[in-house]
Peer 1: 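Below is the structure I would like to discuss, written out as structure tokens.
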Amino acid sequence: ESSLGGLKAHGHQYHLWKSDPNTGNSQTIASSGLADAALLDPVEFPLMTPNGMWHLSVSATRGWRNQEQLTFNIVIGLLISLMVGWMSKQMVELRNNRLNLTRLVEERTAELSNAVLQRKLAEKAASTEALRLSTILETASDGIHILDGEGRLVDANKAFLNMLGSDSSAIGTRHVTDWDDWNDWAMIKPRNDQLIASGEIYVFETKHRRLVGTGIDVEISTAGIPIA
């Protein structure tokens with residue numbers, strides 16, 4: 001009763017009632033002094049009790065809405081609607097950003113995986129090709145050697161080294177003038193420069209010298225290849 005009295009103190013009228021199970025008529029349990037029919041635009045709250053269903057009807061003494069209250073409630077409702085809309089938009093954008101980030105990470109991971117795979121395949125192919133060329137170079141019966149642009153020996157097979165009576169220590173240390181009959185680099189260099197510039201195969205005869213000093217007549221088939 002004291003709690004219901006608080007409703008009246010705050011400007012509300014109330015009527016607590018229940019229906020008679022036999023007659024269906026309304027039986028008042030407590031009220032602020034007005035019957036349910038006299039309440040202004042009442043709001044009803046059903047209450048389940050051990051004695052059955054009770055009903056509490058409540059209305060504002062001066063009505064639920066005056067103009068100031070209505071305006072205030074409309075403004076508050078609009079602000080709440082705007083806030084809810086903004087939060088919903090932020091949630092959608094956050095979800096989209098997460099999806100985009102996930103997709104971007106997946107794409108970059110796939111690209112990196114593919115790049116790593118391609119690099120491994122390229123390295124394997126290069127290693128296989130290098131082994132193939134090395135096998136051809138070492139098993140060839142003809143002497144094969146490679147000079148750089150300054151005439152230094154940068155590679156040679158066993159047949160070439162054996163022909164000169166040398167070994168692998170000659171690679172990187174000996175110069176073409178050490179074994180070619182044209183031992184004047186000023187004469188050999190223009191020929192080499194011309195070979196590199198043309199890229200064509202050039203065949204000529206010359207004489208090589210072994211380490212022991214004996215000469216060997218040779219036919220050279222050569223081509224210049226520019227290497228960056």
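We count residues from 1, following the sequence as given.
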Peer 1: Are Val154 and Leu164 co-members of a hydrophobic cluster defined by side-chain heavy atoms under 4.5 Å apart?
Peer 2: no
Peer 1: What are the two closest non-hydrogen atoms of Ser141 and Ala159, and how far apart are they?
Peer 2: O-CB, 3.5 Å
Peer 1: Tell me whether Leu211 shares a hydrophobic cluster with Val176, the cluster being built from Ile, Leu, Val, Met, Phe, Trp, Tyr side chains joined at under 4.5 Å.
Peer 2: no
Peer 1: Taking the inter-plane angle between the rings of His55 and Trp17 on a 0 to 90° scale, is it parallel (under 30°), tilted (30 to 60°) or perpendicular (over 60°)?
Peer 2: parallel
Peer 1: Which atoms form the tightest heavy-atom contact between Ala170 and Ser166, and what is the distance?
Peer 2: CB-OG, 3.3 Å
Peer 1: Any idea how His208 and Phe160 line up, ring-wise: parallel (<30°), tilted (30 to 60°), or perpendicular (>60°)?
Peer 2: perpendicular
Peer 1: What about Leu161 and Ile146, same hydrophobic cluster or not, with Ile/Leu/Val/Met/Phe/Trp/Tyr joined at side-chain heavy-atom distances under 4.5 Å?
Peer 2: no
Peer 1: Using the side-chain contact (heavy atoms from CB on, under 4.5 Å) rule, take Asn192 and Trp185 through it: C-alpha gap first, then chi angles, then the decisive distance, then the call.
Peer 2: CA-CA 10 Å; Asn192 285 7; Trp185 178 239; 3.8 Å; yes
Peer 1: Are any of the side-chain heavy atoms of Asp184 and Thr177 separated by less than 4.5 Å?
Peer 2: no
Peer 1: Does Glu93 offer a backbone N or O that forms a donor-acceptor pair with the side chain of Asn97 under 3.5 Å?
Peer 2: yes
Peer 1: Under 4.5 Å between any side-chain heavy atoms of Val203 and Glu219, yes or no?
Peer 2: yes
Peer 1: At what distance, to the nearest 0.5 angstrom, does CG of Asp167 lie from NZ of Lys158?
Peer 2: 11.5 Å
Peer 1: Rounded to the nearest 0.5 Å, what separates atom CG in Leu94 from atom CG in Asn96?
Peer 2: 9.0 Å
Peer 1: Give a yes or no on whether a salt bridge exists between Glu129 and Arg132, defined as a side-chain N under 4.0 angstrom from a carboxylate O.
Peer 2: yes
Peer 1: Mind checking the OG-CD spacing from Ser57 to Gln13? Nearest 0.5 Å is all I need.
Peer 2: 12.0 Å
Peer 1: If I take atom CE from residue Met187 and atom CG from residue Asp181, how far apart are they, to the nearest 0.5 angstrom?
Peer 2: 9.5 Å
Peer 1: State whether the side chain of His175 and the backbone N or O of Glu150 hold a donor-acceptor pair below 3.5 Å, judged by distance alone.
Peer 2: yes
Peer 1: Please check if the side chain of Asn157 supplies one atom and the backbone of Ile144 the other of a donor-acceptor pair under 3.5 Å.
Peer 2: yes
Peer 1: I'd like to know if Leu104 and Leu112 are part of one continuous hydrophobic network [Ile/Leu/Val/Met/Phe/Trp/Tyr, side-chain heavy atoms within less than 4.5 Å].
Peer 2: no
Peer 1: Do the charged groups of Glu106 and Arg103 touch, with an N to O distance under 4.0 Å?
Peer 2: no
Peer 1: Has the side chain of Arg174 got a donor or acceptor atom that lies under 3.5 Å from a matching backbone atom of Arg152?
Peer 2: no
Peer 1: Indicate yes or no: at least one non-hydrogen side-chain atom of Thr109 is less than 4.5 angstrom from one of Ser113.
Peer 2: yes
Peer 1: Using the side chain to side chain contact (heavy atoms under 4.5 Å, CB included) definition, which of the options Lys207, Arg210, Arg209 pairs with Ile216?
Peer 2: Arg210
Peer 1: In terms of heavy-atom contacts, does CD of Gln194 have more than 12 from other residues, nucleotides or ligands at under 6.0 Å?
Peer 2: no
Peer 1: For residues Met91 and Leu101: do they belong to one hydrophobic cluster (side chain heavy atoms under 4.5 Å, members Ile, Leu, Val, Met, Phe, Trp, Tyr)?
Peer 2: no
Peer 1: So does Ala130 get a backbone contact from the side chain of Ser134, meaning a donor-acceptor N/O pair under 3.5 Å?
Peer 2: no
Peer 1: Could you tell me the separation between the CZ atom of Arg191 and the OH atom of Tyr202, rounded to the nearest 0.5 Å?
Peer 2: 7.0 Å
Peer 1: Counting only N and O atoms by type, is there a donor-acceptor contact under 3.5 Å from the side chain of Ser127 to the main-chain atoms of Glu123?
Peer 2: no
Peer 1: To the closest 0.5 Å, what do you measure between CG (Asp178) and CG (Leu153)?
Peer 2: 9.5 Å
